[in-house]
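Please read the structure below before turning to the comments.
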Amino acid sequence: MPATPFDLVIRGGTVGTATAAYAADVAITGGKVAAVGQGLGTGTREIDATGKLVLPGGIDSHTHIEQVSAGGLLNADTFESATTSAAFGGNTTVISFAAQHRGKDLRKVVDDYSALAARGALIDYAFHLIVANPDEKTVRQDLPELIGEGHASVKIFMTYDLIKVDDEPLLDVMLAARQNRALICVHAENHGMISWMGKRLVEKGYVAPKYHAISHPRGSEAEAFQRLIALAALIDQPIMIFHVSTAEGAQVVRDARAQGLKVFAETCPQYLFMTRHDLDRPGIEGAKWVFSPPPREKEDQDALWRALALGDLQTVTSDHAPYRFDETGKLSAGPNPTFKQVASGLPGLEARLPLLFDAMVSQGRPEFSGRGLEAFVDLTATRPASLYNLPGKGQIAPGFDADIAIWDPARKVTITDALMHDLTGYTPYAGRTVTGWPDTVLVRGEEVVAGGALKGKPGSGRWLKRTGGWAAEPTGRLTADMDPERNFGATLL
Ligand code: URP
Ligand code: ZN
Ligand code: ZN
């Protein structure tokens with residue numbers, strides 16, 4: 001009797017994982033990887049992947065989608081546009097933000113946001129819960145319930161006037177996270193330094209976009225990281241430090257991890273490929289490059305690449321925060337805003353993976369010692385899946401979801417505004433030429449993008465329930481081993 005065919009076989013490609021690259025077919029049945037190996041049986045459908053790389057779909061764990069920003073502005077993308085753009089860029093999962101603002105009820109925020117995502121998303125998704133109103137109900141009722149329901153990460157801002165959380169309420173939120181085993185993600189910059197610098201620069205007439213970079217002193221990052229790490233250590237709470245931009249910041253993370261503290265960190269393409277000089281453009285054009293923290297120096301780029309290769313930083317996200325270059329976005333305060341009035345953020349969902357692939361795989365950045373492909377897969381898919389407890393994601397292996405991006409490693413693409421599928425209207429990466437681009441993207445075995453055409457349907461993306469505790473990779477001390485009277489007094493609480 002002939003064997004039952006698989007639903008789909010991706011045949012003749014090179015499969016890339018976080019540890020190896022090898023010639024293999026990938027068979028898919030029921031939306032899951034059924035087998036990986038050479039000479040697999042037939043599929044009802046087949047994709048010829050000869051000459052292609054068959055990689056886990058990208059996971060972008062830091063994306064602002066259909067969200068009101070720290071400055072009170074709705075960003076340019078909907079779930080439909082953002083996840084379309086993400087899929088064209090080789091991604092199969094995003095984590096975006098259910099963002100509470102002051103005076104708002106977190107439960108209602110999550111319910112409303114879930115409805116938007118369910119209607120629009122073409123790829124799978126999860127949420128970080130932004131807490132900006134850490135009152136009794138949020139901390140003692142909503143957070144425990146929502147974490148228990150599968151929203152296993154919380155995001156806090158240590159800066160931005162309208163949403164920042166000071167040290168004491170931050171500890172309240174951390175304790176709620178600890179007691180319910182959620183990860184705390186943080187935008188960590190010293191608010192006072194930024195606010196003080198910004199006001200004085202504007203008073204002196206230094207208002208052009210390039211002064212945004214100067215208004216976020218590099219020391220504001222390391223200081224906030226150190227304070228944050230000390231707060232987290234007080235209660236042995238795992239933290240994820242978002243968008244590391246400086247060499248000193250990366251060093252603080254390295255030192256903390258060397259002490260065995262449960263500190264994780266990410267950086268973003270804008271810190272690997274841009275410097276503060278990108279903001280220095282005629283007129284107000286530099287507003288497109290206003291994001292926080294700002295890009296730094298060439299030496300910082302090199303330090304961040306090293307930190308990625310050493311494992312000090314575990315993932316590279318886009319921090320996609322799209323604002324149009326018009327009165328709805330970057331220029332919402334008028335045609336000639338000061339840098340302080342410019343909406344902070346840049347689009348990056350679609351360009352993230354091609355930029356990284358080009359640098360790590362095609363150009364072979366030396367930090368990765370010939371293992372750029374494996375590191376690319378690890379940093380962009382396998383590791384974020386484990387850090388954020390994404391079930392069945394991040395690997396091409398039997399039993400995992402068939403979330404797959406088939407890359408043409410030889411395809412040369414010059415990035416243009418028109419190539420992007422998000423609603424920002426521009427990309428800060430326009431004009432860069434990269435080698436390597438994803439041709440076909442499958443989510444749970446279904447084509448979302450194939451041969452450059454959109455196949456996915458809004459609403460087909462699924463919410464990913466994340467339960468079961470912290471990241472599967474504690475860096476050091478185990479909670480059970482802690483001596484509460486020595487250092488971690490808060491474990492008595
Ligand atoms: O400038 C940025 N990154 N805007 C988005 C919000 C944030 O800070 O992550
Ligand atoms: Zn941030
Ligand atoms: Zn962000």
Side-chain angles (χ1 to χ4, degrees), residues 60-77 82 86 94-101 126-132 153-165 170 183-191 194-195 198 209 211-213 215-216 220-221 224-225 228 239-246 249 264-274 276 278-279 286-296 313 315-325 329-330 332 337 339-349 351-352 384 388 422 424 428:
D60 195 339
S61 51
H62 183 166
T63 67
H64 300 270
I65 299 175
E66 214 160 343
Q67 183 212 311
V68 175
S69 74
L73 205 63
L74 182 63
N75 63 40
D77 272 316
V94 286
I95 310 185
S96 63
F97 297 92
Q100 182 192 45
H101 289 259
F127 307 142
H128 304 295
L129 309 177
I130 291 183
V131 171
S153 48
V154 177
K155 161 86 179 284
I156 292 289
F157 287 87
M158 293 171 78
T159 184
Y160 291 125
D161 284 321
L162 296 179
I163 56 171
K164 78 181 172 62
V165 173
L170 175 49
L183 185 65
I184 291 274
C185 307
V186 186
H187 178 131
E189 291 183 280
N190 179 300
H191 181 73
I194 297 166
S195 174
Y211 295 105
H212 170 74
S215 76
H216 286 241
S220 71
E221 181 167 276
F225 287 10
L228 169 68
I239 51 170
M240 161 61 73
I241 300 180
F242 274 171
H243 41 50
V244 178
S245 70
T246 60
F264 305 95
E266 58 160 48
T267 189
C268 312
Q270 48 271 39
Y271 307 110
L272 298 169
F273 298 107
M274 295 179 188
R276 68 187 165 88
D278 279 288
L279 284 82
K288 293 178 181 172
W289 282 262
V290 166
F291 52 88
S292 306
R296 308 290 183 175
L313 311 180
T315 184
V316 183
T317 68
S318 67
D319 192 7
H320 180 77
Y323 299 100
R324 293 182 62 77
F325 192 61
K330 290 283 183 186
S332 59
F339 69 84
K340 270 167 70 73
Q341 296 169 310
V342 172
S344 183
L346 81 177
L349 260 172
R352 175 186 74 125
Y388 291 106
D422 62 77
T424 318

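Read the numbers this way: they start at 1 and go in the same order the structure lists the ligands and their atoms. In this chain, residues are counted from 1 in sequence order. Quick caveat, the model's predicted, so the values are computed rather than measured.
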Donor-acceptor under 3.5 Å (His101 side chain, Ala132 main chain): no

Quiz question: by atom type and distance under 3.5 Å, do the side chains of Thr246 and Arg296 form a donor-acceptor pair? no

Looking only at non-hydrogen atoms, which of His187, Gln67, Lys155 approaches atom 8 (O) of ligand 1 most closely? His187

Distance filter under 4.0 Å to Phe291 heavy atoms, resulting ligand 1 atoms: 1 (O)

With the Zn ion (ligand 2) as the point of reference, which N/O/S atom of His187 is the closest? ND1

Phe242 near ligand 1, heavy-atom distance under 4.0 Å? no

Residue His64 atom name (nearest to the Zn ion (ligand 3); N/O/S): NE2

Decide yes or no on side chain to side chain donor-acceptor pair (under 3.5 Å) for Gln67 and Ser96, but give the supporting numbers first. CA-CA 9 Å; Gln67 183 212 311; Ser96 63; over 6 Å; no

Residue and atom name of the nearest protein heavy atom (relative to atom 6 (C) of ligand 1), distance in Å to one decimal: His64 NE2, 3.4 Å

Closest approach of any protein heavy atom to atom 3 (N) of ligand 1, naming residue and atom: Asp319 OD2, 2.7 Å

When you measure from the side chain of Ser69 to the backbone N and O of Gly71, does any donor-acceptor pair fall under 3.5 Å? yes

The atoms of ligand 1 lying under 4.0 Å from a heavy atom of Ser292, numbered in the order shown, are 1 (O), 2 (C), 3 (N), 8 (O)

Just which atoms of ligand 1 are under 4.0 Å from any heavy atom in Phe157? 7 (C), 8 (O)

Mark yes or no for whether Thr317, through its side chain, and Asp60, through its backbone, hold a donor-acceptor pair below 3.5 Å. no

For residues Phe97 and His64, establish whether the separation of their ring centroids is below 6.0 Å. yes

Do Lys155 side-chain atoms and His128 backbone N/O form a donor-acceptor pair below 3.5 Å? no

Atom of Asp319 nearest the Zn ion (ligand 3) (restricted to N/O/S, atom name only): OD1

At a threshold of 2.8 Å, where the distance has to be below it, does the Zn ion (ligand 3) have an N, O or S atom of His62 nearby? yes

Closer than 4.0 Å to some heavy atom of Ala321 - which atoms of ligand 1 meet that? 4 (N), 5 (C)

Regarding Glu189 and Ser292, do their side chains bring together a donor and an acceptor under 3.5 Å, going by distance alone? no

Counting heavy atoms only, which part of Ser344 comes closer than 4.0 Å to ligand 1: side chain, backbone, both or neither? both

Side-chain donor-acceptor contact under 3.5 Å, Asp77 with His320: yes

